[in-house]
Amino acid sequence: MRTSRIRTAALAAVTAALALGLTACGGADADSKAAGGSAQVTGGGDAKGGARSTNASGGTDEAAGDGTTAGAQQCRGDEMLLTAEHRFAGQQGDHLLVTASNKGSKPCWVTSYPTVKLGDVDSTALPHSKKDNSGGDKHITLQPGGTAYSAVNLFDYGSKNHTAQSFSLALRGADGHDGPSYSVHIKGDKPQFSWNEADVLNWNTEKPYDF
């Protein structure tokens with residue numbers, strides 16, 4: 001009887017110790033999982049924080065297209081690549097596609113429409129097109145490598161017209177005053193263009209008449 005009681009007591013002690021050990025292991029695992037979960041949350045928080053930062057930056061870049069980049073200066077002609085292409089020559093919609101690309105290292109903005117003087121015979125700046133969309137007073141901010149477009153609409157009535165292969169262009173400031181003028185030569189299969197009347201479109205982030 002005494003031996004049986006000793007064995008029973010010993011068995012109970014072993015069972016209790018085993019249960020205590022399992023509880024301790026389970027608690028350690030739980031602590032480990034909790035710590036791991038905390039690390040994952042922290043990591044997730046950093047990742048989300050990074051994502052938010054990236055999105056905010058991307059959002060700023062997108063807004064920059066609308067002219068809200070803080071600290072951007074007005075684009076200068078000597079930091080821009082100005083090109084022109086004669087499109088739809090001799091057809092309805094005949095125009096000079098003007099492209100301005102920011103080759104500088106910082107964002108800059110253009111506004112309104114460029115001041116254009118065609119050839120050597122027209123010393124008067126072309127007017128803004130009456131058919132253009134409103135809102136040309138907004139700034140279009142160009143990130144480095146960014147591009148804006150304008151167009152010179154050409155109206156050739158076939159007599160008493162002028163012809164040229166280049167024109168001068170000046171960027172217009174927010175106060176309406178012109179910057180320095182730059183000579184722009186026409187690219188394309190038909191660089192020569194003719195006109196009796198002409199006008200200019202506002203700067204845009206998309207090519208006008210791109211159909």
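All figures in this text were calculated on a predicted structure; none of them were measured in a lab.
- Residues G179 and A170 come closest through the heavy atom pair O-CB, 3.5 Å.
- Counting heavy atoms from C-beta outward, L169 and V98 have side chains that approach closer than 4.5 Å.
- By the 4.5 Å heavy-atom criterion applied to side chains, C108 and M80 are counted as neighbours.
- Contact annotation: the side chain of D199 approaches that of F155 to within less than 4.5 Å [non-hydrogen atoms, C-beta and beyond].
- Between the side chain of N102 and the main chain of L142, a donor-acceptor pair closer than 3.5 Å is present.
- Across every non-hydrogen atom of G93 and F88, the tightest pair is O-CD1, 3.6 Å.
- Two residues are said to be in side-chain contact when any heavy atoms from C-beta on lie closer than 4.5 Å; L171 and W203 meet this criterion.
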| field | Working for side chain to side chain contact (heavy atoms under 4.5 Å, CB included), residues Y209 and N153 | value | CA-CA 10 Å; Y209 310 121; N153 298 316; 2.9 Å; yes
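- Going from atom CG of L82 over to atom OG1 of T99 covers 9.0 Å, rounded to the nearest 0.5 Å.
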| request: Determine, step by step, whether D78 and Y182 satisfy the side chain to side chain contact (heavy atoms under 4.5 Å, CB included) criterion, reporting the C-alpha distance in whole Å, the side-chain angles of both residues, the deciding distance to 0.1 Å, and the verdict. | output: CA-CA 9 Å; D78 56 356; Y182 297 87; 4.0 Å; yes
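- A distance of 7.0 Å separates CD of E85 from NZ of K207, quoted to the nearest 0.5 Å.
- Atom CG of L97 sits about 10.0 Å away from atom CD1 of I186, to the nearest 0.5 Å.
- Under a 3.5 Å cut-off, the side chain of S168 and the backbone N or O of S183 do not form any donor-acceptor pair.
- Side-chain contact between T83 and K187 is present, with heavy atoms from C-beta onward closer than 4.5 Å.
- When atom types are taken as modelled, the side chain of S101 and the backbone of T147 share no donor-acceptor pair closer than 3.5 angstrom.
- Two different hydrophobic clusters hold V152 and Y149 under the rule that ILVMFWY side chains link at heavy-atom gaps under 4.5 Å.
- The hydrophobic clustering, which links ILVMFWY residues whose side-chain heavy atoms are closer than 4.5 Å, places V200 and V184 together.
- Contact record, S166 with H185: CB-ND1, 3.7 Å, taken as the closest heavy-atom pair.
- The two residues G104 and P144 have their closest heavy-atom pair at O-CB, 3.4 Å.
- At least one side-chain heavy atom of D178 sits under 4.5 Å from a side-chain heavy atom of R172.
- Under the 3.5 Å distance criterion, the side-chain polar atoms of D132 are matched with a main-chain donor or acceptor of N202.
- Nearest approach of E197 to Y157, heavy atoms of both residues: OE1-OH, 3.6 Å.
- At most 12 heavy atoms of other shown residues, nucleotides or ligands fall within 6.0 angstrom of atom CD in E206.
- Hydrophobic clustering places W195 together with V116 (ILVMFWY residues linked when any side-chain heavy atoms are closer than 4.5 Å, directly or through intermediates).
- Looking at K190, H86, R87 one by one, the single match for side chain to side chain donor-acceptor pair (under 3.5 Å) with D94 turns out to be H86.
- In this structure, CD in Q74 is found 7.5 Å from NE2 in H139, a value given to the nearest 0.5 Å.
- Looking at N196, its side chain does come within 3.5 Å of a backbone N or O of S159 through a donor-acceptor pair.
- L118 is listed as a side-chain neighbour of L154, based on a closest heavy-atom distance under 4.5 Å.
- Checking side-chain atoms of T163 against main-chain N and O of S194 turns up no donor-acceptor pair under 3.5 Å.
- No side-chain heavy atom of K117 sits less than 4.5 Å from a side-chain heavy atom of F167.
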